[in-house]
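Written out below as structure tokens is the structure these notes cover.
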Protein chains: 2
Amino acid sequence: MPPTSETLTAERILEATEEVLRRHGPAKATVVDVARALGVSHGSVYRHFRTKSALREAVTKRWLDRTTELLAAIVAAPDLDPETRVREWLAALFAAKRRKALADPELFATYSVLTTETAETVVGAHITELTDQLTEIVRAGTAAGTFTVDDPAVTAGALFRATDRFHDPHYAREWERPGVEGEFEAVLDLLVRGLRAAA
Amino acid sequence: MPPTSETLTAERILEATEEVLRRHGPAKATVVDVARALGVSHGSVYRHFRTKSALREAVTKRWLDRTTELLAAIVAAPDLDPETRVREWLAALFAAKRRKALADPELFATYSVLTTETAETVVGAHITELTDQLTEIVRAGTAAGTFTVDDPAVTAGALFRATDRFHDPHYAREWERPGVEGEFEAVLDLLVRGLRAAA
DNA sequence: CAGCTGACAGATTTCAATATCTGTCATTCC
DNA sequence: GGAATGACAGATATTGAAATCTGTCAGCTG
């Protein structure tokens, strides 16, 4: 128990919660554990988060936001043509998820449980943010005449859903298999060709 | 307990197993239950199926094969052009799964558990059969000059994986949502356009 | 007095004893 | 004699009592 006499903030609680989740897993990580890790009573934790699930949602959002930020850089890249940006963006999403899943499977499994719990709220918002990023790229490509697309938002949604297998944690086990890279390329090729074609 | 004095066959055991699964669900459906439903001792069931999981695999295969057969009709349809056949085949796959999921959610959940159990064996073979059917259509379209595709088998795999969300039981809950039809159309449009485009 | 504590009620989880199930096989039955 | 039985050992599941956890709040503390 490291009491660390600093003031108790939401931020410090989130850090401790991550650590407890990493150690105990999602099923056995309790609010009491988090409080103990911080050297405070569990009542203090409830001062910053109304419920245990609010705390879990906040931790999950934090984890997902790291990926959102990473990808934002590609949306903003000014020197890349739209087709390359679509490819790089989807490849970066796949690579980010895959790296996490392979580097620390147990932690990834923990967050997979958390995302399943919070599918309607936190994950829904995350997916909206991501498809908004994609929409931005598709819109730019349409404006530049590179893509022929009726409604960029609808097409961005289709791109995102067509690549579910390469970012949905449900498929994480597939990402270890030898052929995945090629499978991803095949899907991506088909989709990008679909963007280019005349309506 | 209907003893039905006919001879005990693998077929009759499979029918009884389906019934027990429907009534009890996957967790509580035991070999003893199946034997009781048939009015025989459980030892007799083991004469036809080496293990409980062999029995479950056989029932699952039966269920999946019904879909395979249904779709085979579209592959063989001689009066349809390749693009229509791709669209109809994927639409029929989605419709078949969706119908089952909405008509009897509990039974569908039961079979979802069974398919998860048998992912490596029975489901793997099922997916191979389905992608083989798709490959056939893509090959025909390529031969006819309608599609421009390097390797029909690879492209068929990409088509199948890009539409995972519309046939993988994992997404069954999404199939109730209002917008799904449109989402499916958007993905399908993008993919079909990708098939048509020049390499 | 703002922040923290710890005791509390009700909900959930754990654990160990008990019951049931799986898979085998010597024996029985037509 | 080929098919079916049922007793059995080890594995798995169920159950209910005890332990722990969640969320609240009156009171302590600096």
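Computation of the quantities below employed the complete heavy-atom set of this structure, encompassing side-chain atoms and omitting hydrogens, waters and symmetry-equivalent molecules. So you know, we letter chains A, B, ... as the sequences are listed, proteins then strands, and number each from 1. Predicted model only: the values in this text are computed from it and were never measured.
- Between A:S44 and the phosphate of C:dT5, there is a side-chain N or O to OP1/OP2 separation shorter than 4.0 Å.
- Using modelled atom types and a 3.5 Å distance limit, the side chains of B:T67 and B:K100 yield a donor-acceptor pair.
- Among the nucleotides C:dT22, D:dA4, C:dT5, the one closest to any side-chain atom of B:R47 is D:dA4.
- Comparing A:R50 and A:D33 by the nucleotide of DNA chain D that holds the closest heavy atom to each, the one mapping nearer the 5' end is A:D33.
- For A:H42, the side-chain atoms get nearest to D:dG23 when compared with the rest of C:dT5, D:dG23, D:dA4.
- Comparing D:dT22, D:dA4, C:dT14 by their closest approach to the side chain of A:K52 singles out D:dT22.
- When only modelled atom types and interatomic distance are considered, B:D81 and B:T84 share a side-chain donor-acceptor pair under 3.5 Å.
- Across the protein-nucleic acid pair, B:I13 atom CD1 and D:dA4 atom C1' stand 12 Å apart, rounded to whole Å.
- Whole-Å rounding puts the B:H48 NE2 to D:dG2 P distance at 15 Å.
- Atom CD of B:E117 is separated from atom P of D:dT12 by 14 Å (rounded to the nearest Å).
- Residue A:S41 places its side chain closer to C:dG6 than to any other of C:dT22, D:dT5, C:dG6.
- In this structure, B:E69 does not pair ionically with B:R62, as no charged nitrogen and carboxylate oxygen lie closer than 4.0 Å.
- Among D:dA4, C:dC21, D:dT22, the nucleotide with an atom closest to any side-chain atom of B:T30 is C:dC21.
- We find that NZ of B:K28 is positioned 13 Å from C1' of C:dA19, with the value rounded to whole Å.
- A salt bridge is absent between A:D79 and A:R85; no separation between the charged side-chain nitrogens and carboxylate oxygens falls under 4.0 Å.
- Between B:R22 and B:E15 there is no salt bridge, since no side-chain nitrogen of the basic residue lies less than 4.0 Å from a carboxylate oxygen of the acidic one.
- For A:Y46, taking side-chain heavy atoms from C-beta onward, the closest of the listed nucleotides C:dT14, D:dA4, D:dT22 is D:dT22.
- For A:V31, taking side-chain heavy atoms from C-beta onward, the closest of the listed nucleotides C:dC4, D:dT22, C:dT14 is D:dT22.
- Note: CZ (B:R56) to P (C:dC21) measures 13 Å, nearest angstrom.
- Atoms CZ (B:R36) and C1' (C:dT20) sit 10 Å apart, rounded to a whole Å.
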